[in-house]
Amino acid sequence: MIAYNIIETSVHTILNIDNVLPNMVKVIMNFEVEDWDKWHAAFLANSKMREENNIKEIYVGHELENKNKVHVIYDTPAPDTIQKMMQKPEVQEVMKNAGNKVETMVVATCTD
């Protein structure tokens with residue numbers, strides 16, 4: 001058992017496993033937009049905002065029967081990362097101009 005612990009410790013040290021970032025938080029959102037094409041173009045054009053906040057898109061799409069019902073899954077560093085970003089005036093302006101119907105937004109914060 002001692003040999004195993006030494007090997008395990010060495011592997012952790014060599015691979016720097018103990019300093020790896022913890023699992024990201026998954027945020028699953030769905031909401032309605034005025035027009036999918038307009039919203040999606042704005043979403044793609046504003047990827048830098050998400051990058052600056054360490055938010056990574058896992059999935060972005062719409063329902064088959066309703067192009068204006070959007071579903072998005074993100075990896076985020078903390079449960080409140082997206083909420084903090086969305087409170088910024090410049091992000092609110094982008095969302096408004098993109099046609100987000102914020103009142104329809106449903107958010108679930110999950111982990112794997």
* **From Thr104, Val107, Val106, residue fulfilling side chain to side chain contact (heavy atoms under 4.5 Å, CB included) relative to Asn30** => Val106
* Interatomic distance, Lys101 atom NZ to Phe31 atom CZ [nearest 0.5 angstrom] -> 12.0 Å
* Asked: Trp39 vs Trp36 aromatic rings, parallel, tilted or perpendicular, using cut-offs 30° and 60°?
  -> tilted
* Structure fact -> One should read off an interatomic distance between His62 NE2 and Lys69 NZ, to the nearest 0.5 angstrom, of 13.5 Å
* To do: With the side chain counted from C-beta on, respond yes when Val70 and Glu32 share a heavy-atom pair under 4.5 Å apart, and no when they do not.
  => no
* Asked: Between Asp35 and Lys67, is there a salt bridge with N-O shorter than 4.0 Å?
  -> no
In residues 89-96, what donor-acceptor pairs under 3.5 Å come from side-chain atoms, sequence neighbours left out?
residue, atom, partner, partner atom, Å
Gln92, NE2, Met86, O, 3.4
Gln92, NE2, Gln87, O, 3.4
Glu93, OE2, Asn97, ND2, 3.4

* Asked: In the single-linkage hydrophobic clustering (I, L, V, M, F, W, Y; side-chain heavy atoms under 4.5 Å), do Met85 and Val33 co-cluster?
  -> yes
* Salt-bridged, Glu57 to Arg50, with N to O below 4.0 Å? -> yes
* Begin with the C-alpha distance, continue with both residues' side-chain angles, and end with the deciding distance and a verdict on side-chain contact (heavy atoms from CB on, under 4.5 Å) for Glu63 and His71. => CA-CA 8 Å; Glu63 294 183 0; His71 295 266; 2.9 Å; yes
* So how far is it from Met105 CE to Ile82 CD1, rounded to the nearest 0.5 Å? -> 9.0 Å
* To do: Measure the spacing between NZ of Lys56 and OG of Ser47 and express it to the nearest 0.5 Å.
  => 13.5 Å
* Asked: Taking C-beta and beyond as the side chain, do Cys110 and Val25 meet within less than 4.5 Å on heavy atoms?
  -> no
* Starting from the C-alpha separation in whole Å, work towards a yes-or-no answer on side-chain contact (heavy atoms from CB on, under 4.5 Å) for Asn100 and Glu34. => CA-CA 7 Å; Asn100 285 54; Glu34 293 171 7; over 6 Å; no
* Asked: Hey, quick one: are Ile28 and Tyr59 part of the same hydrophobic cluster, counting side-chain heavy atoms closer than 4.5 Å, chains of contacts allowed?
  -> yes
* Asked: Once you round to the nearest 0.5 Å, how far does CG of Asp80 lie from OG1 of Thr109?
  -> 9.0 Å
* Check the pair Asn53, Lys48 against side chain to side chain donor-acceptor pair (under 3.5 Å), reporting the backbone distance first and the verdict last. => CA-CA 9 Å; Asn53 288 280; Lys48 188 173 182 178; over 6 Å; no
* Hydrophobic cluster membership, Met49 vs Ile55, 4.5 Å side-chain cutoff -> yes
